Chemist: 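Take this structure first; my questions come after.
Note on naming: letters A, B, ... go to the chains in the order of the sequence lines (proteins, then strands), and numbering restarts at 1 for each one. Being a predicted model, the structure only gives us computed values, none of them experimental.
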Number of protein chains: 2
Amino acid sequence: MSVEIKISLNDGLYLKEPQDSKLGRNIIKYSIILIDEFGFEVFTFKKLAEKMNSTEASIYRYFENKHMLLLFLVNWYWEWVSYLISINTMNVVDPNKKLKIIIHSFVSAPKDNPGISYVNESILHNIVISEGVKAYHTKQVDNENSKGLFGSYKSLANTVSKVISEVNPEFKYPFAFATNLFEMSNNHIYFAKHLPRLTDISIKNDDFVEVEDMLHYMTKKLLA
Amino acid sequence: MSVEIKISLNDGLYLKEPQDSKLGRNIIKYSIILIDEFGFEVFTFKKLAEKMNSTEASIYRYFENKHMLLLFLVNWYWEWVSYLISINTMNVVDPNKKLKIIIHSFVSAPKDNPGISYVNESILHNIVISEGVKAYHTKQVDNENSKGLFGSYKSLANTVSKVISEVNPEFKYPFAFATNLFEMSNNHIYFAKHLPRLTDISIKNDDFVEVEDMLHYMTKKLLA
DNA sequence: TTTAAAATGATAGTAATGCTATTGAAAATA
DNA sequence: TATTTTCAATAGCATTACTATCATTTTAAA
């Protein structure tokens, strides 16, 4: 017997809760693999259906379109990171330590954490890095935001901003810096892999220590 | 008689130099308007052709596809910002002042600069903010990068990183911070407009002072 | 000025994409 | 056992992302 956590997300993200059926869990599992493999624009429900031995129409019963599926995956990811952070910072009082743990959680967590059977968190992390920005750079962003479809990210940013303010109550931009930490982490991992002239860090064997070091360095200077 | 600067870009970005013909300049002019209006994924060459009273096929003679057109526009923007920076920092020696001018140039420049007749720089700035990340978050990034199609951005980042190192030679991450300045600027303008809970700044009447202030504040702390 | 070449327009066509609708069978539940 | 829910299978359609062909206009060179 094993205990599986189910991450619950805003139900506007899907037509039918995919985590509650085998087919739905397969959609999650294989879409992560295929989006990573093809990239989001080349990925289609048809390819996904073929991979899963199912049909396009069946997938459309769970998600309105591939954009919603991406939004679902990204929210899932941030919700999972939130969960890791809440576990790992439990009983930690020093806000500086908390912030260190937070940074470690979203930079390196996917590597050393077990997780959920139908989700490969490490590949999902790749997707968030490579495709995540597409989830909110659309013309529908205002409408989706009003329905709470970015809730997971916003609530995480809120949590982190509080810790930032604990570290230094005088710091003027706690929210901006919270989101910056996430964006910098994702961006510089991406840059290191694809546009190395845009960053100072490098990545060997999928080890993100340099990214973590950089975020700690900047945090220290900014919140001193 | 008027003097128009022509921005020259890597010729891998287009099939035929669009700045050299009326039709080509129209493609630039109207694609900026339409991408801003519809968003990049809904924008098509067919719509553009209709708007311009031309045909799809004619546009395909200039650009391989809409992705290349976006890449062209984004490069054009960064090249133009580089040009503004080089003019405005001419004869400035104090690196702190230089950095201030640089920040002002890419945050607020589109507003108070004349520019080129067939390019609405202010709308183009919007596109860079809303759609710019899609130019390099693709599966072809490595291939395109090897052809120098991100050259304008990289060379700008390089310029700025040098100024950062002048301000503080001990600072460990000059490249990362240079790109951060651009990314933060774009992100937080976008957040302020669409996801305000992710930032601390707000924007009234298209005035980006708060963004500039934030970037100055962070720069000061980081490079102190 | 003629003449060729290059640029554009007009039209058509194709394969793939992004859906929607319908039907019927299987599986779960009452 | 009856009934609702779930899913697969098939078909179909409008749009997208191109490519090809040929006629016509513009330009530039001889």
Chemist: So which nucleotide from C/dT8, D/dA17, D/dT19 ends up closest to the side chain of B/Ala57?
Modeler: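 Closest nucleotide among those given: D/dT19.
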Chemist: Across the strands shown, which category fits B/Phe63 at heavy-atom distances under 4.0 angstrom: base, sugar-phosphate, nothing?
Modeler: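 The answer is nothing, as B/Phe63 stays clear of every strand by at least 4.0 Å.
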Chemist: Between A/Ser54 and D/dA8, is there a side-chain N or O to OP1/OP2 distance below 4.0 Å?
Modeler: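 Checking D/dA8 against A/Ser54, a side-chain N or O does come within under 4.0 Å of OP1 or OP2.
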Chemist: Can you identify which nucleotide, out of D/dT21, D/dA8, C/dC19, has its nearest atom closest to the A/Leu23 side chain?
Modeler: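 So the nucleotide nearest the side chain must be D/dA8.
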Chemist: Indicate yes or no: does B/Lys139 engage A/Glu41 in a salt bridge with an N to O separation below 4.0 Å.
Modeler: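 Salt bridge: no.
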Chemist: Compare the minimum distances between each of C/dT8, D/dA8, C/dT17 and the side chain of A/Lys47, then state the nucleotide with the smallest one.
Modeler: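 That would be C/dT17.
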Chemist: Are OP1 or OP2 of D/dA17 and a side-chain N or O of B/Lys46 less than 4.0 angstrom apart?
Modeler: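 B/Lys46 to D/dA17 OP1/OP2: no side-chain N or O under 4.0 Å.
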Chemist: Indicate the ring-plane relationship of A/Trp80 and A/Trp76, choosing parallel, tilted or perpendicular according to the 30° and 60° boundaries.
Modeler: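 Rings of A/Trp80 and A/Trp76: parallel, under 30°.
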Chemist: Using whole Å, what does the distance between atom C1' of nucleotide D/dA9 and atom CD of A/Glu56 come to?
Modeler: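 Distance, rounded to whole Å: 12 Å.
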Chemist: Measure the distance from CD on B/Glu17 to P on C/dA6 and round it to the nearest whole Å.
Modeler: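 In whole Å, C/dA6 P lies 18 Å from B/Glu17 CD.
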Chemist: I want to verify a distance call: between D/dC18, C/dC19, D/dC7, whose nearest atom is closest to the A/Ser21 side chain?
Modeler: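 The answer is D/dC7.
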Chemist: Charged N to carboxylate O below 4.0 Å: is that the case for A/Glu131 and A/Lys134?
Modeler: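 Yes, A/Glu131 and A/Lys134 are salt-bridged.
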